[in-house]
Amino acid sequence: MPSPEQWTHPEPGEGPAAQAAQPSREQVIAGLRNTDAGGAEVTQLLTPEGERIASPQFDRYISDVDPEALRGLYRDMVLVRRADREANAMQRQGQLGIWVPLLGQEAAQVGSGRALKPQDMAFPSYREHGVAYTRGVDFKELLGIFRCTDHGGWDFQAHGFHPYTIVIGNQVLNAAGYAMGQKFEGKVGDDDGEATIVYFGDGATSQGDVHEGFVWAAVYDAPLVFFCQNNQWAISEPTERQSRLPLYQRARGYGFPGIRVDGNDVLACLAVTRWALEECRHGNGPVLIEAFTYRMDAHTTTDDPTRYRLSEELEVWKHKDPIERVRVHLARNGFADQEWFDQIQSEADAFAADLREFCFNMPEPPPERVFANVYAEPSPVLDAQRDEYLSYLAGFVEAGER
């Protein structure tokens, strides 16, 4: 059976690439099953069946993950997924303008997020709700962005979590500059050093901003972890249409290491990210992590994934669910019983109900709020714009009273 590489990159004489790049259903499924585990080069510590795999290289990075800590990681993922599903439902009910689901990517986000130290900084795109949760950002703060009442009101310095970035790949440039600043200020070199992590998807790797970030981080040995969540689909384009090589191998061309990790394995994501951050905080330059995962839902709530991917593909990945493999491991080893799992689910339901109550009763901000916190210091120009805008709005009220 032809591989995805064969039908994406036809041999000379086989016809136009646009025609040769249309696989049959059988070819798609065959190619998926050949690559759904990320290939032989993927780092995996917990199989989809919940079996622990020893790793001489990475076991030491999760030596502190005892049964209690593993239960904590499971709880994180369950709560994050439940909140994500509730937000998705609220968008369908008109309470949010849009929502960006993370379903299926909980392990990549929770594992990498829990690897960060308080002094580290994370730069997200717009899907990193799980990372925000691990950095102590109130999930309610995220809802305001998608309800269009604010741009993100948390203290990004206190949480070590930058505001969301909507422009694809732009956060990579911001993160590269921040990490270069850490290097220039001498905040790297030992265990207490600082590091930065930036999140982006496989589609963003086709953006110039990402490659510019690679260049600058490499040249200046910036303490920056590039964390690519390869969820297989850049909105409606598969990864095979964007790269001839696995994405992690691109790091080689810029002169720094790259590694592929099973993005549905929370232990592997935690261990590999801790290793990468350690490399960075000790001054060894940037690292690229490709978390090989899958987007189980739409790109956003405005997207219809049934128009460009097969239902069989989704079914294959359901067997690799990041939460289920931890659940099986906990149950099989006697680290948790059904009563505990039910308790966590009840906690997640209560968490979602609280979010729902908050969202439905979220007050509409006054119009002048859009001008608040734009600059650190007062700005006469901005104040004049605010006054002019409020005067403009007041004109409508006066006209209505007449």
Side-chain angles (χ1 to χ4, degrees), residues 44-46 48 50 52 61-88 100-118 120 122 124-125 127-143 154 159-161 164 197 199 225 227 229 231 261-274 277 289 291 293-297 320-331 333 335-337 339-355:
Q44 185 181 82
L45 302 180
L46 195 64
R52 178 73 165 84
Y61 291 99
I62 54 170
S63 60
D64 61 327
V65 181
D66 56 12
E68 181 179 0
L70 189 57
R71 287 193 295 268
L73 292 171
Y74 176 86
R75 175 183 176 274
D76 287 344
M77 292 192 291
V78 171
L79 263 63
V80 166
R81 175 174 291 187
R82 185 65 184 85
D84 172 75
R85 295 296 81 200
E86 192 67 31
N88 204 76
V100 185
L102 61 74
L103 185 65
Q105 298 178 223
E106 296 87 359
Q109 296 193 15
V110 169
S112 62
R114 288 300 184 195
L116 294 163
K117 291 185 177 181
D120 297 332
S125 60
R127 198 187 302 276
E128 280 68 51
H129 321 313
V131 183
Y133 174 83
T134 66
R135 299 302 279 169
V137 176
D138 192 330
F139 216 98
K140 295 173 182 176
E141 295 274 15
L142 305 179
L143 297 182
W154 61 86
H159 289 287
F161 187 77
Y164 276 14
I197 188 169
Y199 293 88
V225 175
F227 196 93
Q229 293 177 85
N231 61 24
V261 62
D262 183 345
N264 285 18
D265 177 355
V266 69
L267 288 181
C269 289
L270 176 63
V272 169
T273 308
R274 279 179 170 177
L277 289 167
I289 297 175
T293 181
Y294 190 78
R295 168 166 58 82
M296 301 290 287
D297 204 343
K320 303 179 184 300
D321 186 279
I323 296 179
E324 187 60 27
R325 69 176 67 184
V326 180
R327 178 187 177 94
V328 171
H329 181 78
L330 289 171
N333 290 278
F335 298 151
D337 55 20
E339 182 180 359
W340 184 84
F341 289 122
D342 292 342
Q343 176 186 332
I344 295 300
Q345 189 58 54
S346 296
E347 185 179 352
D349 290 340
F351 184 53
D354 185 49
L355 288 175

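Reckoned from all heavy atoms, side chains included, excluding hydrogens, waters and symmetry mates.
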Sorted by chain and number, sequence neighbours left out, side-chain hydrogen bond (donor to acceptor under 3.5 Å, both in side chains) with T273 holds for none
Kindly indicate whether a cation-pi arrangement holds for R327 with F341, taking the cut-offs as under 6.0 Å to the six-membered ring centre and within 45° of the axis. yes
Which residues pass the side-chain contact (heavy atoms from CB on, under 4.5 Å) test with A108, sequence neighbours left out? F227, Q229, C269, A291
Under the side-chain contact (heavy atoms from CB on, under 4.5 Å) rule, collect the residues that match up with A83, sequence neighbours excluded. F139, F351, L355
Check whether any side-chain heavy atom of W340 lies under 4.5 Å from a side-chain heavy atom of Y74, and answer yes or no. yes
With no hydrogens and no angle check, do the side chains of N264 and T293 hold a donor and an acceptor under 3.5 Å apart? yes
My understanding is that only residues two or more places apart in sequence, or in another chain, count here; which of them pass side-chain contact (heavy atoms from CB on, under 4.5 Å) with D297? R85, N88, P101, L103
Counterpart residues, side-chain hydrogen bond (donor to acceptor under 3.5 Å, both in side chains), relative to D265 (two or more places apart): none
With sequence neighbours left out, what residues match D337 under salt bridge (Lys or Arg N to Asp or Glu O under 4.0 Å)? none
Residues passing the salt bridge (Lys or Arg N to Asp or Glu O under 4.0 Å) test with D64, sequence neighbours excluded, are R274
Which residues share a side-chain hydrogen bond (donor to acceptor under 3.5 Å, both in side chains) with R81, sequence neighbours left out: E106, D321
Close side-chain approach of V261 and I289, heavy atoms under 4.5 Å: yes
Go through it in stages, so that I can follow the logic: the residues are L70 and L267, the test is side chain to side chain contact (heavy atoms under 4.5 Å, CB included), and I'd like the CA-CA distance, side-chain angles, deciding distance and then a yes or no. CA-CA 9 Å; L70 189 57; L267 288 181; 3.9 Å; yes
Validation row: Q105, M296 side chains within 4.5 angstrom (heavy atoms): no
Residue set satisfying salt bridge (Lys or Arg N to Asp or Glu O under 4.0 Å) with E128, at least two apart, ordered chain then number -> none
Below 4.5 Å, heavy atoms only, C-beta onward: do T134 and V80 meet side chain to side chain? no
Mind checking side-chain contact (heavy atoms from CB on, under 4.5 Å) for V328 and listing every partner two or more places apart, or none if nothing turns up? E324, R332
Measure the spacing between CZ of R127 and CG of N231 and express it to the nearest 0.5 Å. 6.0 Å
Measure up the Y164 and W154 rings against each other and bin them: parallel (under 30°), tilted (30 to 60°), perpendicular (over 60°). perpendicular
Taking salt bridge (Lys or Arg N to Asp or Glu O under 4.0 Å) as the definition, give me every residue that meets it alongside R114, ordered by chain and number, with sequence neighbours left out. D76
Contact list for residues 345-354, test salt bridge (Lys or Arg N to Asp or Glu O under 4.0 Å), sequence neighbours left out: R75-E347, R82-D349, K140-D354
